[in-house]
Colleague: 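First the structure, which I've put down as structure tokens, then a few questions once you've had a look.
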Amino acid sequence: DVKVTQSSRYLVKRTGEKVFLECVQDMDHENMFWYRQDPGLGLRLIYFSYDVKMKEKGDIPEGYSVSREKKERFSLILESASTNQTSMYLCASSSPGQGAYEQYFGPGTRLTVT
Amino acid sequence: RKEVEQDPGPFNVPEGATVAFNCTYSNSASQSFFWYRQDCRKEPKLLMSVYSSGNEDGRFTAQLNRASQYISLLIRDSKLSDSATYLCVVIRMDSSYKLIFGSGTRLLVRP
């Protein structure tokens with residue numbers, strides 16, 4: 001069974017803190033993604049990576065950075081958390097080429113910034 | 001204007017009913033189309049692809065109308081377990097890795 005895991009289901013942080021969200025996949029997928037999901041706005045792409053040490057900005061990268069040192073792990077970093085970053089964060093992975101349209105998602109991390 | 005638009009619903013239907021959702025997309029460079037399903041408090045999962053010729057998978061039928069730039073999902077004989085949010089997804093020709101998600105249509109099937 002394919003698996004994408006995220007380090008925390010729920011996280012509460014204070015404004016200004018540095019926050020790390022970890023994602024690990026066991027499917028040997030090249031592509032990995034970070035999204036945030038907000039009511040009425042759907043899933044919005046923050047960053048993605050199609051190979052180790054490669055990263056590309058998505059539609060809303062401001063205030064975030066990412067790290068991909070190993071193929072199976074993709075980390076999202078909030079350099080200085082702000083209240084408008086309170087959201088559900090979803091990690092996903094996919095294989096390249098024809099398989100790219102099927103993304104496998106982790107269970108999500110609900111982050112609250114106070 | 002959002003690139004992918006969906007009626008948020010909820011669509012509240014009795015078991016056994018037929019229900020249909022539409023989704024419109026604004027970018028004519030959109031290349032591929034899909035429906036994902038997201039259960040309450042769960043992650044999205046691929047439901048089915050949408051082809052120009054239509055695509056049927058059991059009780060689910062997906063269709064694409066390129067001229068009018070919309071895709072549809074028809075569910076026949078609704079089950080309680082069909083209650084979920086259905087996400088319309090588009091891939092643009094300029095970036096095959098990036099999926100553009102609609103904000104979803106919520107379906108509630110009642111006994």
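Quick note on labels: first sequence line is chain A, next is B, and so on, each numbered from 1. It should be emphasised that the depicted structure is a prediction, and the values quoted were computed from it without experimental measurement.
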Colleague: Would you compute the distance between atom NZ of B:K98 and atom CG of A:L45 and round it to the nearest 0.5 angstrom?
Modeller: 6.0 Å
Colleague: Side chain, backbone, both or neither: which part of B:T85 has an atom under 4.5 Å from a heavy atom of chain A?
Modeller: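 Neither part; nothing is under 4.5 Å.
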Colleague: A:Q37 versus chain B, heavy atoms under 4.5 Å apart: side chain, backbone, both or neither?
Modeller: side chain
Colleague: With a 4.5 angstrom heavy-atom cut-off, could you sort out which part of B:Q6 is near chain A: side chain, backbone, both or neither?
Modeller: neither
Colleague: What about B:L107 and B:M48, same hydrophobic cluster or not, with Ile/Leu/Val/Met/Phe/Trp/Tyr joined at side-chain heavy-atom distances under 4.5 Å?
Modeller: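 In one cluster with B:L107: B:M48, yes.
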Colleague: Please flag which part of A:L43 lies under 4.5 Å from any non-hydrogen atom of chain B: side chain, backbone, both or neither.
Modeller: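 Both backbone and side chain of A:L43 come within 4.5 Å of chain B.
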Colleague: Looking at B:S103 and A:G40, what are the two nearest heavy atoms and their distance?
Modeller: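 Result for this residue pair: CB-O, 3.7 Å.
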Colleague: With rounding to the nearest 0.5 Å, note down the distance linking CG in B:L99 to CD in A:Q103.
Modeller: 4.5 Å
Colleague: Mind checking whether A:L11 and A:W34 sit in one hydrophobic cluster, side chains of I, L, V, M, F, W, Y counted as touching below 4.5 Å?
Modeller: yes
Colleague: Evaluate the side-chain proximity of B:P44 to A:L90: yes if any heavy-atom separation is below 4.5 Å, no if none is.
Modeller: yes
Colleague: May I ask you to name which of A:G106, A:P39, A:P107, A:G108 has the most heavy-atom pairs under 4.5 Å with chain B?
Modeller: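 Among the listed options, the one with the most contacts to chain B is A:G106.
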Colleague: Can you confirm whether B:K42 is buried at NZ, in the sense that more than 12 heavy atoms of other residues, nucleotides or ligands lie under 6.0 Å from that atom?
Modeller: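 Counting other residues, nucleotides and ligands, NZ of B:K42 stays at 12 neighbours or fewer.
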Colleague: Could you state whether B:L47 and B:I75 fall into the same hydrophobic cluster, counting links through intermediate Ile, Leu, Val, Met, Phe, Trp or Tyr residues with side-chain heavy atoms under 4.5 angstrom apart?
Modeller: yes
Colleague: Taking atom NZ of B:K45 as the centre, does the number of heavy atoms from other residues, nucleotides or ligands within less than 6.0 Å exceed 12?
Modeller: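 Open.
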Colleague: Determine whether more than 12 heavy atoms belonging to other residues, nucleotides or ligands lie under 6.0 Å from atom CZ of A:R110.
Modeller: no
Colleague: Under 4.5 Å between side-chain heavy atoms, hopping through other hydrophobics if needed: is there a path connecting B:I100 to A:F105?
Modeller: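 Different hydrophobic clusters.
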